[in-house]
Amino acid sequence: MFARLLGKEYQRKQALAKVSPGPLHDYLDTPFIDKKSDCREIEIVAIDLETTGLDPKKDDILSIGLVHIDGFSVKLSTAWHRIVRVDKAIPGESAVIHQITDDQSAAGSPIEELLPEVLQRLAGRVMLAHYSPIEQNFISAACRKLYGAPFVVPVIDTLEIGQRVFERRNHTIQPGDLRLFNLRPRYNLPQYRAHNALSDALATAELFLAMADNLYPGRPCPLGEFLSKR
Amino acid sequence: MEVELLEIRQFLEQRNPFVYLSDELLNELPADIEIRYLRRGSGFPPKDGFMYIVRSGAIEIYDDDDELCEKLGEGDVYSVSCQLVNLSQCARGEATEDTLLYMLTCARLKALCRASPAFSEHFSSSVKERLKAAINTIQESDDPSVATMMIEVGSLIRKQPITVESGMTIRQTAALMSNKDVSSVMVMQNDELVGLVTDRDLRKRCVAIGLTGAEPIDQIMTLDPKTIEASTLTAQALMTMTRSRFHHLPVTQNGKLIGMITATDLANQQSANSAYLAADVRKAKTVADLVDVSKRLPNLHLRLAAASVTARHIGEAVSCLTDSITGRLLQMAEDELGPPPVAYVWMAGGSQARHEQSSHSDQDNALLLADEFDKAQHDTYFESLAKFVSDGLNACGFVYCPGNAMATNPEWRQPLKVWQGYFTRWIESPTPMSMMLSSIFFDLRPVTGKTELFTPLQKLILKKSQENRIFLAYMMANAMQHRPPLGFFRQFVLERGGEHDDTLDLKHRGIVPITDIARLLALSLGKEPVNTVERLRACAGSEVLSSDMAENLEDALEFIASLRIRHQADQIRKGKPADNYVPPRELSELEREHLKHAFRVIQTMQESMVKRFGADKLG
């Protein structure tokens, strides 16, 4: 409870003290980016997970997609997409959305092989997601299970920014307004047909660039203003 | 490439110039891309050292004088900061919509250019050159159905082949060439063709390097020259010449040499077609004879189109024939009615005046009479004269003008002073009606008669229109009724409804806008030409029209007009009436791209002219 008030940097040090050497230790050992930094200059990692459901305790990560933003441009050379091997059968209703079949999943890598790369990419950077609790909680659950400590990360959430923009303009929010693919056309961003972790991460990255540039047109945009309070 | 980036590959692979890249290069491409967002109003380009591809949104590019150079829309590429060609003046711009950009480093772009010459070619050329290349592609199309309409080169050979024996001296050969008055000879050895010598060889390979002329001809001849079969079609021969840069081709039949064909022969053959027709027009004794000759006009149109004659020259050829037919009809009328009571000029309006007629154009004409004209006394004569000619033209396939802009209409059969009054009124107090007439009567040319009468009228038109800014503003506003069919997202906007559903109206949305632009520019600068290309050239380099823009417009016109001619030739061949409505599926992907470029050139010019002439300030 207090930890949340004391801020992410405090949480990071606390978690670091608990964790034994390994990928999460290395990750937590890297200081977070200064909140006063300009979003136009820092490195941000846009990430999206496809999961078998919404409960990190019961459900599994099916795939991970991420792409880096550096100096306010998305670098496709950093694009990374992996399928996670899940040993349980994938529930049919979620397969409809992410279209990952049992066979594809079986050909993926176990999460313990993939998580170190995710942590390494996020170290010293900011995580960007659309509706970030999914990414935060699922990665944190995996970290607890594998490394015995929680995952702490500074987060930008485009859904939260969207919500703030609506509220600031006194617009009532209709159901679905804040979905990634409904927010994008407001910034004249193209529609992507594919629906998977990487293309959603990319779509989120572009949306963030558009939102930040519109909120702070032509001037520095302080990271602190965008960080999620969660 | 992550397969998930396939969508980016798919976006690029169907667009110029990326269509030219191999699958391998295309697969590697997405990973090299950076994506950036520009809010509306942001400066462009955001960074140097990159080429940009517009993924969504729009960018306007300006030159050093803040004049609009180009508009970039979805899929358009901007590579000025990579300086592949000389530094463009159009280097800075602004996002006019929220825009998402794909970026590729200049280093990567240059590597792609090295890997793919076709891709590289795109960057070595401006819009202008790209259009030119596209025109050439069309004109080189070897559509077999077009080709069957054409003449075999064998039929063009008039002379026995002029040959010399291998081993003859250069001087002897030169003497023979001047004696026979030919620009080239074939060199034979044991009845076999072994070489070719042209005037150019004599200059460059002999005189220029100081040979005495006593050397054997073999020393300067082109060895084993390229030959063509007599059954080759002329268009094919032209293409071979263009590609190989040989202007002389020995022609063989069943392996036997039968003569030589030159670039000049091929060019002459094309004009000979129309010259032939013109001679028949002169020989015609009756209207029925003229009708017979005119029946060959669509065929001429077709043949010229098939023979890769430019749209501009086809328009000229057809208009010249219409002039001849008109002149012949007037002579016949005078023979029947007696000499005219007062001097007159038969004036052509519209496309005939502009020398841009196609074989099925309507007739637009008027009579300009000397001021001694007395309606009560003389009009019966001119009414009959007008009727004779107009009926004759109609019978020849130049149908009556639906707007009644013909000399048979008493309003358009008037003495000079009345015409001067008309134009003064139209220019000084423009109305919707006068705007409607402008495309006919502001393109006016004397065809035959006492043409000096026309000079004072033309002077008045040019002087008055130049001085009347309000008239020019109205003209511009009127011109904006015809806009290129590009939508908000710079896609084609197709015609809707009726029999022309889902087509592009090349005439009203491509050719007419350029004609309107050229007319307005010429009137605003007091330039005499009536032909669109001549008008553009006359106005090029002025404050209103940069030389570059003039060339771009000229190329855009030629490109659109050649697409139209091909379309019409196709229809004529299928026995359908020719029209201007082209379904996009008739065009190749590349032609569609080029057509968009052409339309964009028009759009850019229209927008700058609306501001320039204050058409946006009219109520």
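Figure legend: cation-pi geometry between B/Arg55 and B/Phe11, with NZ or CZ positioned under 6.0 Å from the six-membered ring centre and within 45° of its axis. Remark: B/Arg92 fails to qualify as a cation-pi partner of B/Tyr62 under the 6.0 Å distance and 45° angle criteria applied to the six-membered ring.
Neither the backbone nor the side chain of A/Ile69 comes within less than 4.5 Å of any heavy atom of chain B. Residue B/Tyr102 touches chain A through its side chain alone, counting heavy-atom pairs closer than 4.5 Å. With a 4.5 angstrom heavy-atom cutoff, B/Leu101 does not touch chain A via any of its atoms.
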**Asked** Taking it one step at a time, do A/Ile83 and A/Leu62 satisfy side-chain contact (heavy atoms from CB on, under 4.5 Å)?
**Response** CA-CA 6 Å; A/Ile83 306 274; A/Leu62 276 170; over 6 Å; no
**Message:** Run B/Arg483 and B/Gln603 through side-chain contact (heavy atoms from CB on, under 4.5 Å) and show every step you take.
**Reply:** CA-CA 7 Å; B/Arg483 296 179 198 222; B/Gln603 203 174 45; over 6 Å; no
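A ring-centre distance under 6.0 Å is not found for B/Tyr37 and A/Phe72.
Side-chain atoms of B/Arg509 and B/His482 include no donor-acceptor pair closer than 3.5 Å. No side-chain N or O of A/Ser63 forms a donor-acceptor pair with one of A/Glu50 less than 3.5 Å apart.
Ranked by heavy-atom pairs under 4.5 Å with chain B, the list A/Gly65, A/Pro190, A/Ser77 is led by A/Pro190.
A/Ile61 and A/Val86 get closest at one heavy-atom pair: O-CG2, 3.5 Å. Heavy-atom minimum distance, A/Glu43 versus A/Ile33: O-CD1, 4.0 Å.
Atom-to-atom distance recorded for B/Glu28:CD and B/Asp23:CG is 11.0 Å, nearest 0.5 angstrom. Atoms CG and CG, from A/Leu49 and A/Asp60 in turn, are 11.5 Å apart once rounded to the nearest 0.5 Å. How far CE of B/Met103 is from CD1 of B/Ile35: 10.5 Å, rounded to the nearest 0.5 Å. The line from OG of B/Ser22 to CG of B/Leu25 is 3.5 Å long, rounded to the nearest 0.5 Å.
No salt bridge links B/Glu607 with B/Lys611; every basic N to acidic carboxylate O contact stays at or beyond 4.0 Å. No salt bridge links B/Glu97 with B/Arg39; every basic N to acidic carboxylate O contact stays at or beyond 4.0 Å. Between B/Asp502 and B/Arg585 there is no salt bridge, since no side-chain nitrogen of the basic residue lies less than 4.0 Å from a carboxylate oxygen of the acidic one.
Contacts between residues 211-220 of chain A and chain B, defined by a heavy-atom separation under 4.5 Å, are made by A/Asp213, A/Asn214, A/Pro217, A/Gly218. The interface of residues 41-50 of chain B with chain A, defined by heavy-atom distances below 4.5 Å, comprises B/Ser42. Of all residues in residues 122-141 of chain A, none places a non-hydrogen atom less than 4.5 angstrom from a non-hydrogen atom of chain B. Listed in order of number, the residues of residues 157-179 of chain A that approach chain B to under 4.5 Å between heavy atoms amount to none.
The backbone N or O of B/Cys113 sits nowhere less than 3.5 Å from a side-chain atom of B/Ser116 that would complete a donor-acceptor pair.
Between B/Leu38 and B/Asp98 there is no side-chain heavy-atom pair separated by less than 4.5 Å.
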